[in-house]
Amino acid sequence: MRIAIIAHLKYAIGEPFAGGLEMHTHILARSLRERGHDVTLFASTRSDPSLGLEAICEETSLLETGTAEANDVAFFREHHAYLGLMTALRTRSFDIIHNNSLHYLPVSMSDTLAVPVLTTLHTPPFCWLESGIRLNRGSMTYVAVSEATAAMWRHVANAEYVIPNGIDLRHFPYQPIANREPYLVWYGRIVPEKGLDYAINASRLAVLPLKIAGPISNQGYFEKLIAPRLGGDIEYVGHLSHIELSKLVGGAVAALCTPRWEEPYGLVVAEALACGTPVAAFARGGVPSLLKPDCGVLAEPDNVSSLASAALAAAALERSACRAYAERYCCSRRMVDEYEALYRRLAMAQVAIPNESDIGLLPVADVA
């Protein structure tokens, strides 16, 4: 199939990944190409060129468009990049277009395209994307990454399909035994909504060291609430590659997941389980449906004491059960299988519908 994937533009689709959405898009594009499909990835210039990359902007920055009157230059440049892409796609030949961005234009302008378009809902509702969805008048197929995410969007969009995200298990090998010196691990984008400060408080309450990994995506939050508390039993090890990250996560007695928001899915949970590391997590969003009692413990949201108790309980769980669960439910092969089948279904349905210009040429009986 000829497949177009529209990525979001704030970060490159390449390692080290800025977050779960970048990894998801990379896995999807790479796996589809490995299966023989003709994939074109519309993303920022620093993305992985092996994915069939056609760069549409330099990480939300354009060099030739005047922006002197724009109040938010980055917002305008991203708007310009997607506007140009959606206009250009009218003359491109694809069997399916998968909108994997978080921008309103690929949704609101999809009715100008003759090819089937599907949009994956990766986040809870927010005003810009919700506005684009409300204005869409075309035949859009929506996919949610969890039942919780589907429910959050139901007031404005009906997600007919739920396809949970998946991870490449080869990048997160099973480690049957944790590090000899026990520690907890927290990793992900360091931003307020991910709640790293909760993890630091809980680890100290549980009297266990904490190792932290991930990009500092909110410098103010890091400098005010995280940096002053580093040292001793709390260590920030930086933004790691997949290989380094899997070793760190696999060596922990438990991983902490501390979202302040309604986490749509919880890729860090799946990755930890693949390594054999049990998870202690706030019961928010899609996390409860992903985490089962034999591989993790749920804590009351925003409750440090509950999280500390959950971490100690999780550390006592069987690591083999964590890996077995990940192999069954969290593998990217399952995710790509489901998207591939959906692409074919939508493409075949499009072929079965006659063009309006052809209807007058058909016998009346055939039209009926």
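Scope of the values below: all heavy atoms of this structure, side chains included, with no hydrogens, waters or symmetry mates. One is the number of the first residue; the rest follow in order along the sequence.
- The aromatic rings of Phe282 and Tyr198 lie perpendicular to each other, with more than 60° between the two planes, well past the 30° mark.
- Counting non-hydrogen atoms of neighbouring residues, nucleotides and ligands closer than 6.0 angstrom, the CD atom of Glu318 reaches no more than 12 such neighbours.
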Legend entry - Worked check of ring-ring contact (aromatic ring centres under 6.0 Å, His included) between His24 and Tyr265: CA-CA 12 Å; His24 165 88; Tyr265 175 72; 9.1 Å; no
Inset, instruction - Begin from the C-alpha positions of Tyr161 and Tyr142 and carry the test ring-ring contact (aromatic ring centres under 6.0 Å, His included) through to its verdict. - result: CA-CA 7 Å; Tyr161 305 92; Tyr142 293 103; over 10 Å; no
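- With sequence neighbours left out, Pro16 forms a side chain to side chain contact (heavy atoms under 4.5 Å, CB included) with His239.
- Not a single donor-acceptor pair under 3.5 Å links the side chain of Glu327 to the backbone N or O of Ala324.
- Although no hydrogens or angles enter the test, the distance criterion places a donor-acceptor pair under 3.5 Å between the side chain of Thr149 and the main chain of Pro264.
- Heavy atoms of other residues, nucleotides or ligands lying less than 6.0 angstrom from CD of Glu181 number 12 at most.
- Checked for salt-bridge contact, Arg204 and Asp233 meet the test: a charged N lies under 4.0 Å from a carboxylate O.
- Residue Arg333 qualifies as open at atom CZ: its count of foreign heavy atoms under 6.0 Å is 12 or below.
- Between the side chains of Asn100 and His122, at least one donor N or O lies within less than 3.5 Å of an accepting N or O.
- Side-chain contact of Thr120 with Tyr339: a donor-acceptor pair under 3.5 Å is present, judged by distance alone.
- The backbone N or O of Lys194 sits less than 3.5 Å from a side-chain atom of Thr258, completing a donor-acceptor pair.
- Residue Val253 comes nearest to Thr277 through the heavy atom pair C-CG2, 4.3 Å, listed as atom of the first residue, atom of the second, then distance.
- With hydrogens and angles ignored, the 3.5 Å screen pairs a side-chain donor or acceptor of Arg319 with a backbone N or O of Gln175.
- Residues Trp128 and Glu130 bring no donor and acceptor atom of their side chains to less than 3.5 Å of each other.
- Of the possible donor and acceptor atoms, one in the side chain of Arg334 sits under 3.5 Å from a partner among the backbone N and O of Tyr329.
- Side chain of Asp95 to backbone of Arg2: a donor-acceptor contact under 3.5 angstrom is found.
- A donor atom on one side chain and an acceptor atom on the other are found under 3.5 Å apart for Asn99 and Ser101.
- No side-chain donor-acceptor contact under 3.5 Å links Thr25 to the backbone of Glu22.
- Counting only heavy atoms from C-beta outward, the side chains of Ile212 and Leu210 approach each other to under 4.5 Å.
- The closest side-chain donor-acceptor pair between Tyr104 and His79 falls under 3.5 angstrom.
- Using a 3.5 Å distance cut-off with no hydrogens or angles, the side chains of Glu340 and His37 do pair a donor with an acceptor.
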Legend entry - Chi angles and distances behind the side-chain hydrogen bond (donor to acceptor under 3.5 Å, both in side chains) call for Ser31, Glu34: CA-CA 5 Å; Ser31 299; Glu34 289 174 350; 4.6 Å; no
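- Taking the six-membered ring where the residue is Trp, Trp153 and His155 present parallel rings, their angle staying beneath 30° rather than reaching 60°.
- Around atom NZ of Lys292, more than 12 heavy atoms belonging to other residues, nucleotides or ligands sit under 6.0 Å away.
- A salt bridge links Lys211 to Glu235: at least one charged side-chain nitrogen sits closer than 4.0 Å to a carboxylate oxygen.
- Every residue two or more places apart in sequence or in another chain was checked for a ring-ring contact (aromatic ring centres under 6.0 Å, His included) with Tyr221, and none qualifies.
- Of the possible polar contacts, none joining the Arg323 side chain to the Gly276 backbone as a donor-acceptor pair under 3.5 Å is found.
- Two residues are said to be in side-chain contact when any heavy atoms from C-beta on lie closer than 4.5 Å; Tyr187 and Leu245 meet this criterion.
- At most 12 heavy atoms of other shown residues, nucleotides or ligands fall within 6.0 angstrom of atom CD1 in Ile243.
- Judged purely by atom type and a 3.5 angstrom limit, Arg33 uses its side chain to pair as donor or acceptor with the backbone of Val39.
- The backbone N or O of Pro259 sits less than 3.5 Å from a side-chain atom of Arg284, completing a donor-acceptor pair.
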